[in-house]
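A short worksheet on the structure shown next.
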Number of protein chains: 2
Amino acid sequence: MTSPTIYDVARAAGVATSTVSRAFSNPQRVSAPTRELVVQVAAELGYSPNPHARALTSRRTQTIAMVVSDITNPHFFEIIRGAELRAKASAHTLVLVNAEESPRIEREQINRLSRSVDGFLLAASRLPEDDLVELAGSHALVMVNRQVPGIPGVVLDQREGCRQLVTHLASLGHTSLAYLTGPRESWMAASRWAAIRDAAAEAGMTAVRMGPFTPRVTHGAAAADAALTTGATALIAHNDLLAIGVLQRLAARSVRVPDDVSVTGFDDIFAAELCTPSLTTLGGTHVNLGRAAVELLLEAADAPRRPGAAAQHLVLPSQLVLRDSTGLARGRRGPA
Amino acid sequence: MTSPTIYDVARAAGVATSTVSRAFSNPQRVSAPTRELVVQVAAELGYSPNPHARALTSRRTQTIAMVVSDITNPHFFEIIRGAELRAKASAHTLVLVNAEESPRIEREQINRLSRSVDGFLLAASRLPEDDLVELAGSHALVMVNRQVPGIPGVVLDQREGCRQLVTHLASLGHTSLAYLTGPRESWMAASRWAAIRDAAAEAGMTAVRMGPFTPRVTHGAAAADAALTTGATALIAHNDLLAIGVLQRLAARSVRVPDDVSVTGFDDIFAAELCTPSLTTLGGTHVNLGRAAVELLLEAADAPRRPGAAAQHLVLPSQLVLRDSTGLARGRRGPA
DNA sequence: TTGAAAGCGCTAACAA
DNA sequence: TTGTTAGCGCTTTCAA
């Protein structure tokens, strides 16, 4: 009933337990013939190493945890998928944790898992920067969609992406935009606003920020109402979910999109292509975000914190996807 | 640097290590005063139990694995979310595994994790029933959206749901339907077809099955083309993704929905509400599926396999959501 | 290159 | 109720 151990294999193969151990975890330190013998005997007995016993001494678990700020946001799906893919390729296990938009829960979950994983992927972390720096001192950490000095991370290029987005709106004749911002703790929200504001200034547009709004469809109504008071003809929602909610509210209020106002989102989730009108949005290959993040984490876990070596920051390209929710500004339609 | 162990706590509190151990894993077997002392000393020292050492002796890991047949399908998201929620409530960790629609990968992943988790949630498993029964002999198993005799499981009610769906179509005057079926290994696909066929017979409709089709948007084109050859006026796609692909293809071929044909899906994913026309679909609260599945698994892990006690099968209600993709059959429009 | 042996941190008899 | 003690299965010095 109970599964075979290295002792069983050692006895059957006529070698010491340490040799069996090496054959599995350090193959190059065993002669080829012995290794083959051990491996074969192990296979016959149906032996496989006990990961907990292994972790107990070696302190390596072959497991990484991914903490997402809000698992209900479909945009994380792609990141999770990429991470799972990459983790599997290196025979690592992916643990999934939901922080439910709460810094407290995020912290608790990290503490709970700190002994059972080799490192953490923190996606859109809501923790204050100080906490993160402290954590990075004792754990392998990789940030996803957030930049923290000294901690490795992967982000989609917001600066360039937002510039393209704003330029697109400017080229349609819009002269004023409103950014409907996300959660206060969201690094992304701050980063997007900074990029949008700068790009707007450059393009000679006025830009205002409204919010914060919880980036869900249901909160789009409030966001849309707030945005309309500004008189802006271009609305940039913090993400696609919020944008879709905005679209729905505008339709309900008989404001035409894109004839009266243009609306854009971020993330390019699956639904962005299907809603009416389809949504212009700043996307990118989120699968690669997840993939790259795991890659970085595995490196960090292998070569822990060479002091002096700067933390790696990967910036993956974002991609502006033009659809039907953006159009010429009011009064700019028809032949000039 | 290295974290404190029960030895440190025992010494500082002046008790035996076993007392410390009990205070944490079996509190009721320690007198209240001793327990409080131990807990307080432990807190001061910053002690927390090493999960691997714990697992090594107790064989309990506080971890459960969820294996999904295809992580790209958004419908699993909700199930995953429910499972994560419930797992967290019992201080359990959720490991996420993608089987990529491959029975081989599914099996490999299960084997790889078999030592590190307390049990498995198998969502839409593609494994043959024999394999599952064998697995259930050595592991705690709960099936999600698949019924296997002798193994506990949770499903949304297909029989009643499909009956409602078919009745809905019949009441709109449709007399022939086509079911665009999912993967060959999908228990769900077989189960839906059986229910649809029976319900159709009951309602005096003819029913044909086409496929199998990979249930993704991109495969909707082939499915739509195949369906049109049958002359059926009502198309039931295996899931919403396929249905959305069908809608797109029909639009491209200038077949009007629902004027020329009606289209339905399964799952009620987020996008079903947003596509054009919005999709009539058989949904249900998938979050509860995940939640209930974890619940069952925790029970099973606690009271392992009382022989004689039948495996629990939970059937959660499904819910028919009527939207714009279904309408009166051709020739049944206007005043009678 | 291989073997002997001492733990890793905890649980669970068993005894007191 | 508490303490003693022998493992759980593996890795890792250290010696040979």
Side-chain angles (χ1 to χ4, degrees), chain A residues 1-39 41-42 45-63 91 112-118 301-302, chain B residues 1-39 41-42 45-63 91 112-118 301-302:
Chain A
M1 194 57 220
T2 160
S3 33
T5 72
I6 44 171
Y7 291 98
D8 302 315
V9 179
R11 195 173 327 114
V15 298
T17 58
S18 49
T19 302
V20 179
S21 171
R22 285 188 201 103
F24 280 93
S25 45
N26 237 333
Q28 74 278 19
R29 281 152 127 322
V30 173
S31 74
T34 344
R35 184 187 343 149
E36 276 156 30
L37 171 67
V38 169
V39 167
V41 170
L45 264 47
Y47 166 81
S48 74
N50 179 319
H52 296 293
R54 201 171 238 188
L56 191 53
T57 36
S58 72
R59 308 201 148 282
R60 311 218 46 213
T61 63
Q62 302 276 102
T63 300
R112 193 171 70 78
L113 289 175
S114 70
R115 312 288 282 278
S116 4
V117 303
D118 291 340
D302 266 356
Chain B
M1 194 58 222
T2 159
S3 32
T5 71
I6 43 172
Y7 291 99
D8 303 315
V9 178
R11 196 175 323 113
V15 299
T17 58
S18 51
T19 302
V20 178
S21 171
R22 285 188 202 103
F24 280 93
S25 45
N26 237 333
Q28 74 278 19
R29 281 151 125 327
V30 173
S31 73
T34 340
R35 186 188 341 151
E36 277 156 29
L37 171 68
V38 169
V39 167
V41 170
L45 263 48
Y47 166 80
S48 74
N50 180 319
H52 297 292
R54 200 170 237 190
L56 191 53
T57 36
S58 72
R59 309 199 147 283
R60 312 217 45 215
T61 63
Q62 302 276 101
T63 301
R112 193 170 69 78
L113 289 174
S114 70
R115 313 287 281 278
S116 3
V117 302
D118 291 341
D302 267 358

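Quick note on labels: first sequence line is chain A, next is B, and so on, each numbered from 1.
- Checking dT2(C), dG9(C), dC10(D) against the side-chain heavy atoms of Asn50(B) singles out dG9(C) as nearest.
- Across all strands, Phe24(B) comes closer than 4.0 Å to no nucleic acid atom at all (heavy-atom distances).
- Atom pair Leu37(A):CG and dT2(C):P shows a separation of 10 Å (rounding to whole Å applied).
- For the pair Arg54(B) and dT11(C), the criterion of a side-chain N or O lying under 4.0 Å from OP1 or OP2 is met.
- At its two ends the helix from dT1(C)-dA16(D) to dA16(C)-dT1(D) runs along axes set 30° apart, each axis drawn from five pairs and the angle rounded to 10°.
- Where Leu56(B) and Ala32(B) meet DNA chain D, the nucleotide closest to each residue was compared, and Ala32(B) sits on the side nearer the 5' end.
- Protein atom CZ of Arg59(B) is 18 Å distant from nucleotide atom P of dC10(C), rounded to whole Å.
- Nucleotide dT1(D) holds its P atom 11 Å from the CG atom of Asn26(B), rounded to whole Å.
- Between Thr57(A) and dG7(C) there is no side-chain polar atom (N or O) within less than 4.0 angstrom of OP1 or OP2.
- For dT11(D), neither phosphate oxygen OP1 nor OP2 lies less than 4.0 angstrom from any side-chain nitrogen or oxygen of Tyr7(A).
- Closest to the Ser25(A) side chain, of the nucleotides dT2(D), dT11(D), dC10(C), is dT11(D).
- Contacts with DNA chain C (heavy atom under 4.0 Å) in residues 8-23 of chain B: Ser18(B), Ser21(B), Arg22(B), listed by number.
- When the nearest nucleotides of DNA chain D are assigned to Ala53(B) and Val30(B) by heavy-atom distance, the more 5′-ward of the two goes with Val30(B).
- Regarding Arg29(A), its CZ atom lies at a distance of 13 Å from the P atom of dT11(D), rounded to whole Å.
- Going from atom CD1 of Ile6(A) over to atom C1' of dG3(C) covers 13 Å, rounded to whole Å.
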